[in-house]
2 protein chains.
Amino acid sequence: MNLTPLIQTFVLHFGEMGSRWGINRTVGQIYALLYVAREPLNADEIAEALGFSRSNVSMGLKELESWRLTRVQHKPGDRREYFSAPEDIWAIFRTLAEERRKREIDPTLSMLREALMENVSGAEDQHAQQRMREMHDLIELTTNWFSDVQRLEPKNLVSLMKMGSRVQKFLDLKDKLKLVTGGKSPPHA
Amino acid sequence: MNLTPLIQTFVLHFGEMGSRWGINRTVGQIYALLYVAREPLNADEIAEALGFSRSNVSMGLKELESWRLTRVQHKPGDRREYFSAPEDIWAIFRTLAEERRKREIDPTLSMLREALMENVSGAEDQHAQQRMREMHDLIELTTNWFSDVQRLEPKNLVSLMKMGSRVQKFLDLKDKLKLVTGGKSPPHA
DNA sequence: TTGAATTTTCAGGAAACTGTGAAAATTGTA
DNA sequence: TACAATTTTCACAGTTTCCTGAAAATTCAA
């Protein structure tokens, strides 16, 4: 690895973290490198910088592409592809959340919905269905809310977050004044 | 596995999902089983139901305990320990979030803070530091907000979530009326 | 079309992770 | 204290995942 110590620490950390998240070390390191790099990098430069084989880098980049986390561009007079991470970290965050939803949450919700359609009789199964319903409702509520909120302008999202739990006071306000919504029922209810 | 088909599907699904999340299959299946079980189960019952060795179950349960996701109780005249998942799924969710924060987010924030303290000169490192700062700020903002919001009563949390992005309208209201906060600066700013 | 540059695929060795049974340790009771 | 019940530890065999180099495929310029 011919990286500055600063960048090396960062890259190694995300390699480790990746493994805990079911993402392989190579992929974590490649993305960490792209994320901090000043310029887009080609596959050879990545392999060189991280000490991985060229083919390993190729597979890692494909994996990242399947997550829509990279941008590819070309330089004039150079056939090689140059990879980078998006400038906007909120965009990265959103993409990550969308992909995880598609790959993990949605299949889980489908499985739960099918299980809840079953007509069961035993007390064991009835209880299990009740628990699955609770899980289904929680997952559906939180993910719908998450994608709702992510549609806000980043600026507004930040100010919402900075309010933290004081947002509650506005909900109380709403209950008292019945303003704005005029009593319409909420979505996803 | 001598489980009803309904429960078996659920258990197998979480075994698979677990692997994608860096949680091993055994642990995922054990927790799925505890989650839907009507009664607390002892280790032998779990091993029997899932077809795992007794020792594997023992290790899986220890792992779950280290995540604070299980409750242990005893039956009168029976020395064995009986395991269950908490009744309240919001509590499970909160515990999971707290543990992940402790294990993954906090170490990452420390690493980033240390990297940001470094006094660097090269343009490469200066850019890297800038990117790390953006990441640090985003992680800190979202996790602080998350733990703030999780302190709300579940009932209020649910109504907040059901509002989705319409919460924005209340922020506009705040800006117009300068009510409630009276212009105090927000936390974590 | 040819061929050099580049990327991708893939078989198989290396490394990491899992799951087991046997043995050790712990726990509770007589 | 002794001992039976129960839980935990651990070395190792089995399995999965990772990574590589060699070969195949693709791309593009001449």
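Computed from a predicted model, the values in this text were never measured in an experiment. Each chain gets a letter, A, B and so on, in the order the sequences are listed, and its residues count up from 1.
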Please confirm whether the shortest side-chain N or O distance from R54(B) to OP1 or OP2 of dT7(D) is below 4.0 Å. yes

Considering all heavy atoms, the nearest L109(B)-H136(B) contact: CD2-CD2, 3.6 Å

Rounded distance (Å) that lies between atom P of dC19(D) and atom CG of L50(A): 11 Å

Would you kindly give the CD-to-P distance between E81(B) and dT26(C), to the nearest whole Å? 15 Å

Here the distance between atom P of dT7(C) and atom CD1 of I30(A), to the nearest Å, is 13 Å

Does the dT27(C) base have a donor-acceptor partner in the side chain of R79(B) within less than 3.5 Å? yes

Taking CD from E63(B) and P from dC17(C), how many angstroms apart are they, rounded to a whole number? 13 Å

Under 4.0 angstrom, heavy atoms only, what part of the nucleic acid is T26(B) near: base, sugar-phosphate, or nothing? sugar-phosphate

Which nucleotide in the list dG21(D), dT20(C), dT6(C) gets nearest to the side chain of S55(A)? dG21(D)

In whole angstroms, the gap separating P of dA29(D) from CZ of R80(A) amounts to 14 Å

Heavy atoms under 4.0 Å, any strand shown: does R25(A) hit a base, just sugar-phosphate, or nothing? sugar-phosphate

Just the rounded figure in Å: distance from P of dC10(D) to CE of M59(B). 11 Å

Would you kindly give the CG-to-P distance between N24(A) and dA16(C), to the nearest whole Å? 13 Å

Any salt bridge linking R113(B) with E140(B)? Criterion: basic side-chain nitrogen under 4.0 Å from a carboxylate oxygen. yes

Taking only residues two or more places apart in sequence, or in another chain, which ones meet F14(B) in a ring-ring contact (aromatic ring centres under 6.0 Å, His included)? F10(B)

State whether K62(B) places a side-chain N or O below 4.0 Å from either non-bridging phosphate oxygen (OP1 or OP2) of dT9(D). yes

ring-ring contact (aromatic ring centres under 6.0 Å, His included) involving W21(B) - partner list, sequence neighbours excluded: W21(A)

Whole-Å gap separating P (dT6(D)) and CD (E45(B)): 12 Å

Less than 4.5 Å apart, side chain to side chain, heavy atoms only: is that true for H13(A) and T9(A)? no

Mark yes or no for a side-chain to base donor-acceptor pair under 3.5 Å between S53(B) and dG19(C), with no hydrogen or angle criteria applied. no

Check every strand shown and say whether N56(B) touches a base, only sugar-phosphate, or nothing at a heavy-atom separation below 4.0 Å. base

Between S58(B) and dT8(D), is there a contact of a side-chain N or O with OP1 or OP2 at under 4.0 Å? yes

